[in-house]
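Owing to the predicted nature of the structure, the values given are computational and were not obtained by experimental measurement. Order of listing sets the numbers, starting from 1, for every ligand and every atom in it.
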Amino acid sequence: MDKVSELFGINVFNDSVMKEYLPTDVYKILKSTIKEGKTIDSSIADTVASAMKEWAISKGATHFTHWFQPLTGITAEKHDSFISPTDDGHIIMEFSGKELIKGEPDASSFPSGGLRATFEARGYTAWDPSSYAFVKDETLCIPTAFCSYTGEALDQKTPLLRSMDAINKQALRIIKLFGHDDVKRINATVGPEQEYFLVDKAMYEKRPDLIFCGRTLIGSMPPKGQEMDDHYFGVLKPRVAAFMRELDSELWKLGVLAKTEHNEAAPSQHELAPIFTTTNIAADHNQLTMEMMKKTAIRHGLVCLLHEKPFDGVNGSGKHNNWSLSTDTGINFLKPGKNPEENPLFLLSLAAVIKAVDEHQELLRISVATAGNDHRLGANEAPPAIISIFLGEELTDVLTSIAKGVHHDNTERIKMNMGSEVIPSIRKDNTDRNRTSPFAFTGNKFEFRMLGSASSISDTNVMLNTMVAEVFSIFADRLEKAEDFKKEINLIIKEVVEQNGRIIFNGDGYSEEWEREAEKRGLLNLRSTVDAIPLLKSEKNIEMFEKHKVLNRTELNSRVDIILENYTKILHIEALTLIDMMNREVIPAITAYTDKLCRAVLNKNSLGGINSTVERELIARLSAANKEIFTLTSELKMAVASAEKATTVLDKSRLYHDKILSLMVDIRKYADSAESVMPSDCWPYPSYGDLLFSI
Ligand code: ADP
Ligand code: MG
């Protein structure tokens with residue numbers, strides 16, 4: 001075996017390990033539980049737990065943890081050791097079925113958005129057998145969902161698993177109508193591409209803004225940015241290449257299908273793409289990927305920045321959520337085949353996604369709304385905050401022809417000749433990726449590009465699964481009753497084109513004309529987290545999430561509070577960090593330097609009037625900037641104090657958004673202008689140039 005296949009999954013309690021460690025009958029029960037997404041049969045739990053423990057100990061594990069994703073956005077672990085005392089004063093290594101299936105971390109330290117007040121403080125974690133357990137840092141990690149004692153979801157995974165059941169249920173109804181009676185399970189498949197920055201650790205440690213906020217709060221632009229396009233897919237620097245190689249093998253050991261690693265558009269920016277898998281595994285693996293990126297970077301003297309906008313004026317980082325639907329028998333609902341116009345399952349699925357995205361635009365927008373991502377969306381290098389779908393001309397034509405009841409002429413299909421016999425001619429549009437579209441059809445899947453680099457992909461997929469499940473349920477209700485199945489499909493497509501066609505936009509999503517055009521079409525343009533989040537608990541959304549048993553009213557209400565609360569906490573930390581940086585470093589540095597200049601002027605004068613225009617001009621400019629910084633910093637301090645007094649979390653987040661963010665931008669403007677005329681050894685922090693070009 002080659003090195004990679006030897007390495008792959010060695011720390012994962014996967015199918016082949018289960019087969020080896022479990023009695024055949026138990027293995028069979030567990031396997032069908034996993035494959036069909038059923039609840040675990042508790043009678044096999046002890047056997048599975050003991051096999052898991054034995055295997056984990058053979059991998060050097062001494063502890064176990066229920067690994068879960070509370071609404072803080074990162075993964076949580078509570079480590080327990082396997083040891084259990086014996087009567088004779090020794091210990092044995094023990095792990096029971098009960099400990100495998102259910103854990104009881106103290107829920108009170110995790111955000112619950114009021115659920116804690118209404119319900120019990122305690123919460124429990126429950127094993128998700130469909131995502132394999134793994135060993136990491138001498139600990140057996142068991143992927144789990146995290147709920148309150150009364151069953152309310154307190155995490156990312158619970159609604160994700162529920163949404164997977166919802167889409168499975170409705171998509172099964174659809175696939176049965178097409179005669180595929182052998183299909184048992186339909187899963188949404190997801191491949192998230194992950195962007196990140198690497199900076200030198202020594203530089204990082206000199207920037208309190210990076211340490212506390214994950215992004216720079218000040219910094220003037222270096223002479224060279226990303227305009228040369230020499231970084232994108234450029235040759236990897238040796239240190240970065242070594243990091244990527246180690247990251248790949250760390251991820252492979254954990255069974256993560258890391259596939260491609262390359263540079264991105266900005267200097268020091270990179271991307272990792274995995275091979276797609278089922279939704280909940282993709283979400284778990286993306287969490288692991290982010291964790292391993294951070295850990296591996298440190299070993300190479302680097303720091304991995306996952307923030308959406310670490311550097312102002314430089315490309316931000318996102319995630320691309322590639323999403324499709326597949327049956328356990330291998331049918332991809334979104335695969336057009338050679339003749340998409342003769343593939344009714346594909347056309348119906350396409351229509352379902354179009355209708356879902358148009359009618360639930362706000363949900364996709366909400367799923368990517370964070371303080372960090374607000375700096376990226378709507379800026380020039382990221383998708384706009386407006387949701388639209390790129391289909392490509394050909395598919396758009398196919399759909400409109402059906403809507404008009406005319407035959408789509410495929411002899412006129414545009415072929416793009418690549419100018420070489422070796423490269424086969426590619427059908428234009430099918431692969432012509434419109435990079436400016438937030439939601440693009442890319443061959444056999446949809447790619448949603450608005451996700452922030454630091455967030456979990458769970459929310460987005462909860463929305464996608466539920467929205468499409470909802471539309472499928474409407475379609476299935478009609479098709480199950482239809483007298484003429486084919487005619488009804490055509491009618492559905494016609495209605496979708498007429499009623500939801502406004503969401504399709506194949507042009508430049510970054511242009512100002514599009515913003516105006518989108519407004520005319522009545523599409524939403526939710527600019528910030530504060531604009532978007534409250535819509536989550538609209539009656540329309542509550543009704544849909546309750547209908548598909550994904551989230552109930554209480555859970556949705558609590559989520560709105562938690563997300564807004566997180567938003568204000570982040571801005572609170574950012575504001576305090578900026579105040580601290582200004583008061584303790586920037587203002588004193590500018591004062592010290594102007595003082596030096598003043599002494600230079602005096603010296604020149606004492607030598608008999610040597611020209612000191614430059615010094616005087618600099619003194620004037622820097623003193624003016626310093627005064628502004630001083631005044632605005634005091635204003636910011638007061639604004640923070642008054643925002644903290646707001647009575648509702650919505651008021652508070654509005655104040656942070658409207659008042660505090662803009663004060664921070666103003667302060668930054670003056671600080672950056674001062675930095676750009678100060679000698680580098682008088683400035684307290686490493687510059688953008690140092691951070692972006694030092695590796
Ligand atoms: P890009 O040009 O955007 O880099 P790629 O072809 O490299 O696109 O694929 C991007 C991602 O899409 C990969 O993670 C890949 O595994 C994933 N992907 C491919 N097919 C599917 C599918 N059917 N469902 C979900 N994700 C998919
Ligand atoms: Mg992509």
Side-chain angles (χ1 to χ4, degrees), residues 8 160 163-164 167-168 171 175 183 185-196 232-233 244 247-248 251-252 255-265 269-290 293 315 317-337 340 343 345-346 349-350 352-353 356-357 381-383 389-392 395 416 426-451 453 457-458 460-465 468 509:
F8 191 79
L160 187 64
S163 77
M164 288 170 71
I167 186 94
N168 172 54
I175 203 84
V183 174
R185 173 88 190 174
I186 294 160
N187 272 316
T189 51
V190 175
E193 301 161 65
Q194 172 77 45
E195 291 179 337
Y196 60 97
Y232 196 47
F233 284 110
M244 285 181 178
L247 175 62
D248 277 342
L251 291 172
W252 289 336
V256 178
L257 292 154
K259 170 92 173 150
T260 47
E261 297 256 16
H262 62 77
N263 289 348
E264 261 299 325
Q269 192 185 30
H270 312 280
E271 183 188 288
L272 180 145
I275 295 171
F276 69 95
T277 173
T278 52
T279 323
N280 66 324
I281 296 176
D284 284 354
H285 281 182
N286 184 250
Q287 292 299 122
L288 276 177
T289 300
M290 292 192 285
M293 280 176 168
N315 240 31
S317 298
K319 273 192 243 257
H320 291 177
N321 191 81
N322 294 273
W323 181 96
S324 190
L325 273 182
S326 274
T327 66
D328 56 349
T329 58
I331 303 166
N332 177 352
F333 281 55
L334 290 171
K335 189 173 171 185
N343 183 348
L345 175 64
F346 166 70
S349 309
L350 200 61
V353 175
V357 173
E381 85 293 335
I389 298 181
F390 169 84
L391 272 192
L395 277 181
M416 190 164 67
I426 299 168
R427 213 191 283 163
K428 213 178 161 185
D429 284 340
N430 255 359
T431 47
D432 176 27
R433 319 282 171 83
N434 180 336
R435 288 277 159 197
T436 66
S437 175
F439 199 93
F441 183 74
T442 49
N444 61 353
K445 58 184 160 47
F446 275 100
E447 180 170 346
F448 183 40
R449 303 186 176 125
M450 278 168 76
L451 289 82
S453 47
I457 62 167
S458 296
T460 285
N461 291 295
V462 166
M463 305 302 182
L464 278 171
N465 292 346
V468 177

* To do: Verify, without hydrogens or angle tests, whether S453 (side chain) and Q194 (backbone) share a donor-acceptor contact under 3.5 angstrom.
  => no
* Residue E447 vicinity, atoms of ligand 1 by number, heavy atom under 4.0 Å -> 3 (O)
* Asked: Are any of the side-chain heavy atoms of L345 and I331 separated by less than 4.5 Å?
  -> yes
* Asked: What part of E193, side chain from CB on, backbone N/CA/C/O, both or neither, has a heavy atom under 4.0 Å from ligand 1?
  -> side chain
* Asked: Relative to the heavy atoms of I275, which atoms of ligand 1 are at a distance of less than 4.0 Å?
  -> 16 (O)
* Side chain proximity check, M290 to K319, heavy atoms < 4.5 angstrom -> yes
* Asked: Looking at side-chain heavy atoms only, is the closest gap between F390 and P438 below 4.5 Å?
  -> no
* Mind checking the CZ-NE2 spacing from F276 to H285? Nearest 0.5 Å is all I need. => 14.5 Å
* Any idea which atoms of ligand 1 are less than 4.0 Å away from a heavy-atom of N332? -> 23 (N)
* **Under 3.5 Å: N/O of T189 near N/O of ligand 1** => yes
* Structure fact -> Counting from 1 in the order shown, the ligand 1 atoms closer than 4.0 Å to a non-hydrogen atom of S324 are 22 (C), 23 (N), 24 (N)
* Asked: For the residue pair H270 and Y196, does the interplanar ring angle fall in the parallel (under 30°), tilted (30 to 60°) or perpendicular (over 60°) class?
  -> tilted
* To do: From the options P274, A273, S326, select the one whose nearest heavy atom is closest to atom 15 (C) of ligand 1.
  => P274
